[in-house]
Amino acid sequence: MINKKMYELGSNRSAIRDLFEYGKTLANKIGKENVFDFTLGNPSVPCPNEVNEYIANLVLTDAVSTHGYTSAQGDLATREAIVNYNARRYGFTLDANLIYMTCGAAAALTIVLRSIISNEGEEVVAFAPYFPEYKVFVENAGGTLKVTPADEVNFETNFDMLKKIVSPKTQAVIINSPNNPSGTVYSEETIIKLSKFLNEKQAEYGHPIYLLADEPYREILFDGATCPFLPKYYDNTIICYSYSKALSLPGERIGYIAISPKCENASELYYAVCGAGRSLGYVCAPSLFQKVVAKYCDVTSNPQIYKDNRDELISMLTSLGFSCVNPKGAFYLFMKSPISDAKEFSNYAKTLGLLLVPSDTFGVEGYVRLATCVSKETVVNSKPAFTKLAEKYLK
Ligand code: PLP
């Protein structure tokens, strides 16, 4: 018999994918130049040239090992390069024997959740607005996702609600900073407060509450913002990192899990991670891209176009009367919908060729998300459509 739950997951596309597919159909009808697609978080900056050259060279000169299996946890040289990079950058020494290479952050989260959820109904907390796949990943591991409503002042942590939601069933809290979709970078003050709260709760419940640092955008920061390195603040931290955005390699599927060496029972947890990866059939992360990471983990694609697009869009949209959350990182812009029903607003925008993702999909009402990883041309040419949108709702 077909698994009903899986059927439902596969047959109901996410709202983001739905809009993206709609955009392709619309482009065939009215012309690509009349569609302004702000839906997907696909980097618009190419991977640095030196990285592309290295990839070509690897394939041409060392094809057998480049395309071969690696150890399940990943090549030691790659894991050591990650340790060295993080030590240089953040002054914190991870342990290569607690790093597990994955197919991006999505696989990292799936594996970690599988390794820390033991019983049906155990809970994982996320802060709205949140990446919608968290619900899918947590439920697939047998858990339940609990969401704290957004703090709409600074889009960080709603502590009052967090205190109500955390319970003896809580196994983990997910932090995504810089955040998709709001662009918020959690402040050091917030991280310290959160760590103190979780330490108290761990002591009260007598079991660990892991902090999952979902960090695919860690390197994409603007205006001098800095992203606190969570293992420095909270011992039971597990990093789920990805090179999808930092190196513009989303289709290549490469990232890692790093268990903080200060984590309670870190070695046992690492074995559970290896077991979860095995049970999910990952075998090993792509070998070619493990080699790329070993050499280029301290290189980042140039994020300037994301900043330029952000600035241009904020200036255009605010001058038209819209209001936006000012993103300090990642490549999204969260814009307030002038009406409470963001879906209705997004549906009307569609008639103008503007594809904006309604915020309901991220667990918050009344906003739309614009991916700013688009071409400059898309931003500039979208102005007449945004002007019509403003005329409809703001005049
Ligand atoms: N987490 C967040 C917040 C994301 O935005 C994404 C992708 O957009 C992911 C995880 C998954 O990224 P990856 O391509 O590394 O699997």
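When a ligand or atom number is given, it counts from 1 through the structure's own listing order. On a predicted model such as this, the values are computed, not experimentally measured, just so you know.
- Judged as a salt bridge (Lys or Arg N to Asp or Glu O under 4.0 Å), the pairs with a partner in residues 183-196 (not counting sequence neighbours) are, in order, K196-E200.
- Screening residues 26-44 for side chain to side chain donor-acceptor pair (under 3.5 Å), with sequence neighbours left out, gives D37-T39.
- In this structure, K336 is positioned above the aromatic face of Y367, its NZ or CZ under 6.0 Å from the six-membered ring centre and within 45° of the axis.
- Taking E204 as the reference, K201 meet the side-chain contact (heavy atoms from CB on, under 4.5 Å) condition, with sequence neighbours excluded.
- Between H207 and Y205, the ring-plane angle classifies as parallel under the 30° and 60° cut-offs.
- Separation of atoms SG (C373) and CD1 (I305) is listed at 9.5 Å; rounding is to 0.5 Å.
- Closer than 4.0 angstrom to ligand 1 lie heavy atoms from G104, A105, A106, F131, N176, N180, D214, P216, Y217, S242, S244, K245, R253.
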